[in-house]
Amino acid sequence: MKNKPNGLNGSSISGLKLKMKLSFILFFAFIFSAVANSFSQTEISLELRNVKVLDVLDKIEVDTDYKFIYSTNVYDLNKIVSIDVKNEKIANILDQIFNGNIIYEVIDKRVLLKKKMVISSKNEEFTDEEEIVQRVITGTVKDSDGIPLPGATILEEGTTNGTSTDFDGNFSITLENDDSKLLISFISYITGSYEIADLSSIDAVLQLDNASLDEVVVTGYGTQQKKLVTGAIATISADLIENRGLTSAGSALAGTTAGVYVSQNSGQAGRDNVQFKIRGYGTLNDSNPLVMIDGVEGDFNTLNPNDIESISVLKDASSSAIYGNRASNGVILVKTRRGRKNQGLAVTYDAIFSTSEVTTLPDLVYNPVTLAEKVDEANANYGIAAQFPANEMAFLQSAVNAGTLGRNTQDIYFTSAPTTQHTLGVTGGSENTNYRFSLGLLDQEGVMLGSDYKRYNVRFNLDSELNERLKIGTTVSMVRGDTNSDQFDETGINGNIRSMMSYNNMFQPVYNADGTYAYADPSVTHGNFTGNGVASSEARNFNTVRNRVLANSFIEYNVLEGLSIKATGAVNYLGESHYQFDKKIPLYSWTNDNIIYAQPNRQSMRANIEDFTTTFFLTANYEKSFGAHNLSALVGYQEENSIYTTFSASRQGHLSDTVQVMDAGDAGTAINSGSETGWATQSIFGRINYNFNEKFLLEFAVRNDGSSRFSEGNKWGVFPSLSAGYILFDENNNQGIIDFLKFRASWGQLGNQNIGNFEYARKLSLNQYYTYGGVASPGVGQSTLGNNELTWETSTMTNFGLNFNLKNGVYGEFDIYKRNTEDILYNVGVNPLSGFTTQTQNVGEVENTGTDILLGYRGNVGELNFSASLNISSVKNKLVAINPQGGEPLEQVILNPSNGSSRILKVGEDLGSFWGYKTDGFIQTAAELGNGTPESPTQVAAATVGDLKYVDINGDGKINPDDRTVIGTENPSITWGMNLNLGYKNFDMTAIVQAVGGWDYLGTRRMWYPIFNKGETINTMWLDSWTPSNTDASMPKIFDGNGGSDPLAQGASDFWIHDRSFVRLKNLQIGYTVSLPDNIPLDYLRIYLNGTNLFTITDMPLIDPEGINGTAANELLGEEAEYLANEGTLFPNLKTLSFGLSARF
Amino acid sequence: MKNINRLEMKMKFLLATLLATFFVVLSCSEDLLDKSDPGSGTMEGFFNSEETLLMGVSGVYEALWPSGDWQTGGAGVWGDNFVYHIYEMDDLTEYSSGGGLGGYSSVARGTVNSISGGGISGRWNKGYAALSRINNMLEVMPTVEGISSDAIGAIEGELRFLRAWIYFEMTKAYGDLPLLTSVLSAEEIQQVSRSPVSEIYTQIIADLDWCKSNLPDDSFKGDFGRPTKVTAMTLLGKVYLQQKDYTNAISNLQQVISLEGTKVGLHSDFKAVKNGGAEQSNEIIFSLQATNDNEGHTEYYSGGFGQGHTQPWGGEHHGWHGYRLGENIIDEFSALEGQTPSGRYDWQKKDHRLIGSFRLPGDTFRGSVIIEDDFVLFGSKNSEAAGVALAYMRLGVLDEGNDQTTWTSPVDLNILRYADVLLMYAEAKNESSGPDASVYSAVNKIRQRAGIGDASVGMSQTDMRAEIRLQRKLEFIGEASRYWDLIRYGTDVEVINSNPIADQQGGNNYKGGYWPIPQAAVDSSPNIDQTPGY
């Protein structure tokens, strides 16, 4: 607490040397300083001669934590003063340098300097008439949520006349001129300009300024002033996320941030499946970024969007290195809203009422006659007799004519559906404690039959300073998500979406004339029961409840000046339970008296999953300034421990639909199962930030990580990073139109441990029963090959960047990077002779190069506030090498080659490359089959006129697997977005455009194998299929049989490739803030209209271009999903229109 | 002041606690990362007793033939499978035309390639998966102490028997094979190339000779289905016969025949042998065991009635009806002794094996009489397709009272049975020295059970050859025998391409020779070449 002389002791030689390098401000200055804890007690020593007042303030800011906020005209800050005090209170120093003409208020660490209102002697000389001209304007300053901004500066334009707001955001200013304008500013907010005209009061609403350099950025285990950041960190403020009628927070990021690709992969109620990719796919593994919510790993998508205060995206190695083993795919840091100190009690209420419908459904044939004709066309193509005789065709036609058949079955299953969301927030703060409590309710009707979702969010955030040294805080959130999806199993991918769109109710109506469920007797459908999805939906209840608790508490102790220790403990709990009951719903044939049942047996199933992770971390922070040298250091320890257990049970044969409990089932049919797994990590980490005079910036971070996911001896990895920045221009030294310019460079290494929990082990499968003589005998078999040599996957990332702000309101960021990931863990195909088809090995090396560009403008024309930004990212990923353990380097790995799969990992190519044949139209004449075009023995046998003609790429005269090549990629190479904000008086408007380009979609099996089952319909594209009389067709000969209509390639040919690029109006919002009279208890009210996914420009014909497939589907939902997604059968996205209101009391 | 002091003390205590925690967690949680897999065991340490070794043996069957059916997520029906749709192997004959699910019809059509799935790749993939488990277990066995020599003989014998059988089934299909008899490192596996067929047979015979000396006379622990000495001798006889080593075939098969009446014999009811009614009889020398138990393997339902027929059992799953049989096979069955059949489907007056092998018009299924119109393929009637029989395979479907709702069946898959021993012996003996009394004896036992009386006496070697081949054809319908027999006879190309109903699968263009191996096997092994011709 006492004086602590620092290294700049004026009498030392070093001080003299140093001062030569210091700016002129300190030319004659000899400095001693000491800092205490609170403003009233803080004492410092200063010895400054012949310096400006401004310089004294700067010096106090450097030596203490306090920042001064003042309007430049409150006092002549260029006035030259001298001061020589020892252990003097700041207050007294201020009195001294301002000659007592300034008063101040302290809010947190900010000191507001205000002009002392003195009765001007000049005033006394005014006449009465002149006094009338002296107008007093009162008003309030609030942020866009209606929260008052204390300490905002109000300046009368063109004068030195100014004031600032009080704790409640109120101000009062006496104008010097009549026809004047007020400029209202606040740190991190866009300065507002207000015409006075004949107003007597102004209620100013300031918008957050994303380009503000004073903004505090959330970083790993801390915060940093944006100006001083040396890594590549993007920030997204709450106003882009909240109030959009979205059902999950994640999707709100789409199109907002350079280098972050966000895709919402499903519109199914409760299963938005939002995925993030930061700077592309850098690994063959899980490439999802780490999401930290208030410092603890959490689930972004179940957050209530209205609870989010800010989001930081750590894109490069230096910003993420503090997260070491988890961070190679980047990190998303979410900070939830907390109360502010000294803020009165505020109650906020947000409500959104939306209606949604699916964006895109495939264009399918729904006329059974047309379908029957195509089936018989397929038969005819291969010399098989027609299967629909004339009388059946006539029957079908009469049913179509009568309106019984031929209905678009998509209309039966998909509808537009409402969603309501309500959020109630209570926020406030006293001198020592601040809090926020929120309740959220989301009630979403599914756009698909039998689906809905309800979500309840509760969050409680509290911080309290127990005394000057001790601070505690807690963050508790609970989410309960309740999903009904009668048509889906627990994975949500049961494929019934396909059935609904293409399979059900082709050959029968939904209901019979008497209202019972209908089914088609085989005599009509030739043995193909096409299903009645409405009956199936009624028969099956499938419900999933997810309870998630994410809670953490911390205690922070300020050991001594600048040094604090913080311990945080957190739990992340997910309890998931599934409930299924199949009722015995009868279906009556609509053509005879037969009855069948939608589900043959009544059965009930319950499954529980518990996923529980505890996190503990301890950090020590040290911050100290030595003159112009500013140092902060962090060391920490962290451990995480996670267990995952499952249990499920089922019974069949319930006696009634009404008694659905498990006990009502037949005990003899009981099946149960359970499993358990887990992982743990342990880490020590540290970071040093240094800057010289906020001009030269340096950061070093290192993390030593241990993970249970590796075998003994391979558990630990070290991940260092280094970054530097140079601020060429800033507010003290700017030039021309450049207000601020910073160059950044960073290098670092990161790890990825996101593989299975025990990939290294030779695991056994314990349920390999075999029966001897009819008696089950337990069996055990090795189920994975194991690999004791597994080690870390390491990404080395280099980033160069710059940030600039121009005086005209233009700002920007530019980053160029290269990420090289080595030892990529991948479940590579191994020689099947090993008895296994895959093994996890450190095989791959991938290089990502890319650029992220952000260009923005903010400004105002009169009362029109305007801000716009454009973000563009391009990323090129390239497989550099595949080096299997103990084997020769490979040129390529064909994924799932036994299925004729269509993807490849090939050196020099994109990771998402599609692998297949090139085609050149159709085989038009028999001559092309033989000598005319080179054909392999395979194709000679299989291909006939009208089939796809493959290109003999290697020119060996044969078409065989050697003719495959890269025919496209599933990874986008360019993404861009545009954000636009307009504010005019009480109106505001926001628009977000998202665009993705340079990627392809490989058509589904439903396309190349159109008549898999005769009850299933086909895409209308097939109406133009090749026949001898339609040789100029757009589709090849339709084929029902082995191999479909792409016999050799099995769909892996460029004929089925579609350009997937799209530009989408992701969001459009128009809001109006209601001017409220003072005499009602409502402080703030804004109403708005919002549209999501309003329109899309794309050439992609089959699915929503944003929809998931390929690797992304596999990563998110597993192999089964990849298969279904590749069939285009996952849920399309939603188009949503919302009306909302935000109120504050 | 006092309060402040107390507060300071509290704070110091807190600080001390924080720092202490810091050091405690650093020093004491070293074992946090040493998690063992709580969900399943690992190879290290699990196998430590006779009981666990037997579990490892059971695990081999799982690799061959995954349990569960497609509806419950298993791969037993549709996925990779060593014995994939065993009855569909009849597609590779002159009387069946498949829906192609097993992939065998692609061999018959000549369209088979390195990415053909089903049985074409499953036989390789699952074969090596099972061989890996076998070799693993053989390597683990010596490390387990305190096992009786009986148990070692039985356990190692079962493993070696399975290894021999797998190699036999694979070399018949693919010819030269990578020969793996121990656990190899990834590096060693990369160097493996295909060994010639002769070396594969040398290994098969070595394993079976070991089994012959070490396997017990009766199933170990009384577990029906575990191989015995008889099982080993039977397979050995079959292996020698396939190589036309008649001397060794005869000696092994004779030893089996000498046990007739004690350990082996013909079951009196042929139909029961086919439909699961004689699963644990003396006739069954080796079978793959199926049950409908959740914990067991299930067999794929074959030859039942699908949804297209006229009977009230429509809509439920009674099996696949996606392939067709030719009238030519029906016509091969002769009249019962002393009977004159009125027509093609007069099965009551024909060889018992006709109704034993097929469901035919006039038979009953679940209480209803089957009529002609019940035989449909994808909605079109068999009766309207030229040359197509009104018949479904019986094999794999239980009779009355089976309320099976999935596409699975508990009927075991016959691999070796005594009828095979008799006919193999007859063939070997006839080929080596012509039709002597022992040949007649063997053939007549088969004929008598079929109800068609003894073979006519005084046949030439050629006549007897034709008689034996006919009896094999009629005896083993749907038991994956005919194709390998045709190859052994050297008539496979001619016979398969003569299939009168081959147009049902697009026309036969069978080329003979070995099958292609999966593309993945070639892609991932520098020293493994594709089968010539693919």
Side-chain angles (χ1 to χ4, degrees), chain A residues 387 467 469-470 522 526-527 529 557 559 565 567 596 600 618 637 639 641 671 675-680 682 706-708 715 758 761-766 768-774 776-782 829-835 885-887 894 897-898 900 938 941-942 961 1042, chain B residues 11 15 18 22 29 32-33 35 37-43 46 55-56 58-59 61-63 100 110-111 113 115 121 125 128-129 132-133 136 178 180 186-187 189-190 192 223-226 280 289 291 293-296 306-308 314-315 376 378-380 405 518-521 523-525:
Chain A
Q387 294 181 10
N467 61 37
R469 292 186 163 214
L470 195 61
H526 287 278
F529 173 58
Y557 185 74
V559 182
I565 293 180
I596 61 164
L618 193 58
Y637 167 82
E639 63 178 48
N641 197 353
I671 302 175
S675 71
E676 182 180 341
T677 185
W679 55 271
Q682 232 175 348
S707 168
S708 67
K715 287 189 192 300
F758 297 95
R762 295 198 291 163
K763 283 185 273 192
L764 295 176
S765 175
L766 301 180
Q768 315 258 291
Y769 285 86
Y770 186 64
T771 45
Y772 290 103
S777 169
V780 167
Q782 187 184 340
V830 289
N831 200 319
L833 299 178
S834 63
Q885 260 171 240
I894 301 169
S898 61
T938 309
N1042 240 354
Chain B
M11 282 160 58
L15 176 63
L18 278 177
F22 193 93
S29 50
L32 179 70
L33 303 184
K35 280 197 182 292
D37 190 341
S40 64
T42 60
M43 276 299 286
F46 183 86
M55 292 178 193
S58 295
Y61 293 91
E62 178 75 18
T111 60
N113 60 38
I115 58 169
S121 60
N125 294 334
Y128 278 106
S132 153
R133 288 194 175 178
N136 256 325
L180 306 176
E187 291 80 357
I189 283 176
Q190 283 304 102
V192 169
D223 289 342
F224 184 85
R226 291 195 193 276
Q280 296 177 42
Q289 314 255 308
T291 72
D293 195 297
N294 288 317
E295 294 169 338
Q307 293 133 358
V376 289
F378 285 131
S380 65
T405 53
Q519 190 64 35
D523 288 348
S524 59
S525 295

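Order of the sequence lines fixes the chain letters, A, B, ..., with proteins taken first and strands second; residue numbering starts at 1 for each chain.
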Exercise. How far does CD of B:Q289 sit from CD of B:Q280, to the nearest 0.5 angstrom?
Worked result: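 CD of B:Q280 is found 6.5 Å from CD of B:Q289.
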Exercise. What's the spacing between B:F224 CZ and A:T771 OG1 if we round to 0.5 Å?
Worked result: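 If I round to the nearest 0.5 Å, the distance is 11.0 Å.
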Exercise. Where on B:R226 is there a heavy atom nearer than 4.5 Å to chain A: the side chain, the backbone, both, or neither?
Worked result: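 B:R226 touches chain A through backbone and side-chain heavy atoms alike.
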For this session: Check whether B:L180 gets within reach of chain A through its side chain, its backbone, both or neither, counting any heavy atom under 4.5 Å.
Result: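 For B:L180, side-chain heavy atoms alone lie under 4.5 Å from chain A.
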Problem set entry | Where B:L33 and A:S707 come nearest, the two heavy atoms and their spacing |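 Result for this residue pair: CD1-N, 3.7 Å.
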For this session: Would you kindly say whether A:E639 and A:Y637 are connected by a side-chain donor-acceptor distance under 3.5 Å?
Result: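 Side-chain D/A pair, A:E639 to A:Y637: present.
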Exercise. Is it the backbone or the side chain of A:S834 that comes under 4.5 Å from a heavy atom of chain B, or both, or neither?
Worked result: both
